[in-house]
Amino acid sequence: TIRSLQIMVAADAPITTGFMFRKGDPVMVISGPFSGVIGIFDHYRGKDRIIVHIEALGQFASVEVDAVDVEKVPEILSH
């Protein structure tokens with residue numbers, strides 16, 4: 001609503017916008033050392049970092065990456 005926008009603009013605090021991932025979302029790392037890897041979003045870690053579970057050699061590993069380096073992918077492409 002307009003009132004919410006007025007409150008946000010008046011606040012002297014950084015505002016983060018954009019897509020928020022939900023636990024279990026299929027994601028692809030699009031930049032950085034894990035570029036091209038598809039995984040499952042687990043959780044946010046701090047302001048700009050996220051934890052993604054990836055499968056490697058039949059086992060899962062958790063990696064921490066910059067949130068800007070990850071995109072949600074349609075579930076049909078993640079399998």
Side-chain angles (χ1 to χ4, degrees):
T1 68
I2 292 177
R3 181 67 185 139
S4 295
L5 289 174
Q6 290 171 333
I7 292 169
M8 289 171 44
V9 170
D12 189 23
I15 299 171
T16 303
T17 62
F19 182 80
M20 297 291 288
F21 297 108
R22 290 182 299 204
K23 188 174 180 100
D25 281 345
V27 296
M28 176 183 279
V29 181
I30 57 168
S31 183
F34 297 103
S35 183
V37 171
I38 293 177
I40 303 296
F41 171 78
D42 187 65
H43 66 275
Y44 285 90
R45 181 177 178 116
K47 181 180 171 190
D48 299 318
R49 305 287 286 176
I50 64 172
I51 302 297
V52 175
H53 294 301
I54 59 171
E55 185 178 356
L57 302 173
Q59 297 187 11
F60 282 94
S62 295
V63 295
E64 183 176 330
V65 295
D66 286 332
V68 296
D69 291 342
V70 176
E71 286 183 352
K72 184 175 180 201
V73 296
E75 295 218 22
I76 196 166
L77 298 177
S78 65
H79 292 72

* Rounded to the nearest 0.5 Å, how far apart are CZ of F41 and CE of M20? -> 7.5 Å
* Side chains of R49 and D66: does their closest heavy-atom pair fall under 4.5 Å? -> yes
* Asked: Do Y44 and V65 share a hydrophobic cluster, counting only Ile, Leu, Val, Met, Phe, Trp and Tyr and linking them when any side-chain heavy atoms are less than 4.5 Å apart?
  -> yes
* Asked: What is the distance from atom NZ of K23 to atom CD1 of I51, rounded to the nearest 0.5 Å?
  -> 10.5 Å
* Structure fact -> NE2 of H53 to CD1 of I40, rounded to nearest 0.5 Å, is 9.0 Å
* Asked: Is R45 atom CZ crowded by more than 12 heavy atoms from other residues, nucleotides or ligands, each under 6.0 Å away?
  -> no
* Asked: How about I38 and V27: do any of their side-chain heavy atoms sit closer than 4.5 Å?
  -> no
* Approximate separation, where rounding is to 0.5 Å, of F34 CZ and E64 CD -> 10.5 Å
* To do: Apply side chain to side chain contact (heavy atoms under 4.5 Å, CB included) to I50 and V70, showing your working.
  => CA-CA 9 Å; I50 64 172; V70 176; 3.7 Å; yes
* Is any side-chain heavy atom of F60 less than 4.5 Å from a side-chain heavy atom of I54? -> no
* Asked: If you round to the nearest 0.5 Å, how far is CG of D42 from CZ of R22?
  -> 14.5 Å
